[in-house]
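Order of the sequence lines fixes the chain letters, A, B, ..., with proteins taken first and strands second; residue numbering starts at 1 for each chain.
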Number of protein chains: 2
Amino acid sequence: MVQSELADLEKKLRDAQLRPTKQRLALAQLLFSDGNRHITAERLHSDAMGANVAISLATIYNNLHQFTAAGLLREVVVDSSRSYFDTNVMPHHHFFHEQSGTLEDIEKNDLKVDNIPPLPEGTEISSVDVIVRVSSTRR
Amino acid sequence: MVQSELADLEKKLRDAQLRPTKQRLALAQLLFSDGNRHITAERLHSDAMGANVAISLATIYNNLHQFTAAGLLREVVVDSSRSYFDTNVMPHHHFFHEQSGTLEDIEKNDLKVDNIPPLPEGTEISSVDVIVRVSSTRR
DNA sequence: CAATAAATTAGAATTCTTCTAAACAAGAAA
DNA sequence: TTTCTTGTTTAGAAGAATTCTAATTTATTG
């Protein structure tokens with residue numbers, strides 16, 4: 001890892017009012033150094049173990065939520081049994097592969113959602129999430 | 001409840017190859033006798049208790065899944081902490097009210113999804129789910 | 001440095017869901 | 001009917017994901 005990269009991550013955390021602790025920097029590195037990721041807490045935890053970063057699962061959860069609140073991550077709800085966190089925080093949608101449990105981004109401009117009916121009284125849109133669930137073609 | 005209604009529910013179960021047991025009939029009544037519902041297992045369980053129907057939570061879960069497999073219900077994933085089951089099995093979408101945790105149907109023809117990009121290699125669409133998350137307008 | 005406020009942690013606790021193995025009920029056959 | 005087979009229900013244990021607790025450690029500020 002490059003020096004400047006670490007400094008960038010530290011700035012990213014500071015800008016989000018999060019102290020750049022050892023654990024946060026390690027997580028930020030795992031999350032943001034390698035393109036878009038869709039990751040679960042357990043997965044991130046084992047990635048950290050694999051990278052010889054000592055960090056408890058509680059801290060993983062704390063930080064995933066703090067990162068999300070700070071707009072550094074976004075939670076994607078596709079599976080009722082676990083939470084996925086997405087490093088792409090721009091508005092966009094997803095393919096969800098049902099067999100493998102993997103997510104793939106769909107850029108917002110590719111896909112169009114039209115004719116949303118009048119919202120329930122007294123509400124405003126907080127997000128529009130499209131999930132295209134796909135499965136392997138059986139042959 | 002009307003006699004014919006019970007007979008209809010029994011037929012509905014039989015057609016789905018599910019024996020119309022006391023518990024299943026009671027659940028079918030709670031689920032299908034009163035328009036579209038979006039319900040959680042816990043909620044259905046307390047509805048049953050409220051209607052003086054003795055039924056265990058395990059049976060609720062068993063049957064929600066069996067009904068879903070038989071196409072009598074559809075599972076809606078909107079909240080990573082619990083599962084919702086929808087009695088409307090026609091293709092359609094949802095408003096999800098973030099504060100109250102309630103769902104509301106959006107008829108398929110109201111809303112249009114266009115320009116879905118090419119699917120991942122070797123896959124086919126199993127469903128396209130749109131969730132319009134709304135929250136109360138603060139004033 | 002010292003003070004204080006924030007972050008981390010292990011492990012317990014919670015919540016939702018599934019499993020297990022035994023008891024029970026439904027439908028089929030005699 | 002009665003019997004047989006198989007499907008269903010059940011209580012409670014077990015499991016999985018997540019949150020909480022209270023103590024300890026670490027970062028930042030003065």
Closer than 4.0 Å, any side-chain N/O of [X] to the OP1 or OP2 of [N]?
X	N	value
Thr59(A)	dT8(C)	no
Arg82(B)	dT15(C)	no
Gln23(A)	dT9(C)	yes
Asn62(B)	dT17(C)	no
Arg19(B)	dG7(D)	no
Arg14(A)	dT28(D)	yes
Ser81(B)	dA17(D)	no
His65(A)	dT18(D)	no

Closest non-hydrogen contact found for Met90(A) with His92(A) is O-ND1, 2.5 Å
Considering non-hydrogen atoms only, spot the tightest contact between Val89(A) and Gly71(A) and give its length.
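Of all heavy-atom pairs spanning Val89(A) and Gly71(A), the closest is CG1-O, 3.5 Å.
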Whole-Å distance between [N] [atom2] and [X] [atom1]?
X	N	atom1	atom2	value
Glu75(B)	dC16(C)	CD	C1'	12 Å
Leu57(A)	dT9(C)	CG	P	11 Å
Arg24(A)	dT8(C)	CZ	C1'	10 Å
Ile55(A)	dT26(D)	CD1	C1'	14 Å
Leu44(A)	dA17(D)	CG	P	15 Å
Glu10(A)	dT26(D)	CD	P	17 Å
Arg43(B)	dC16(C)	CZ	P	14 Å

Are Lys12(B) and Asp8(B) within salt-bridge range, i.e. N to O under 4.0 Å?
no
Toward the 5' end of DNA chain C, by each residue's nearest nucleotide, Thr21(B) or Tyr61(B)
Tyr61(B)
Of Leu9(A), Leu13(A), Ile55(A), Asp47(A), which meets side chain to side chain contact (heavy atoms under 4.5 Å, CB included) against Leu27(A)?
Ile55(A)
Parallel, tilted or perpendicular for Phe96(B) and Tyr84(B), by the 30°/60° rule?
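Phe96(B) and Tyr84(B): perpendicular rings.
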What nucleotide among dT8(C), dT17(C), dT9(C) has an atom nearest to a side-chain atom of Ala58(A)?
dT9(C)
Between Ile60(B) and Ser80(B), which is nearer to the 5' end of DNA chain D once each is assigned its nearest nucleotide?
Ile60(B)
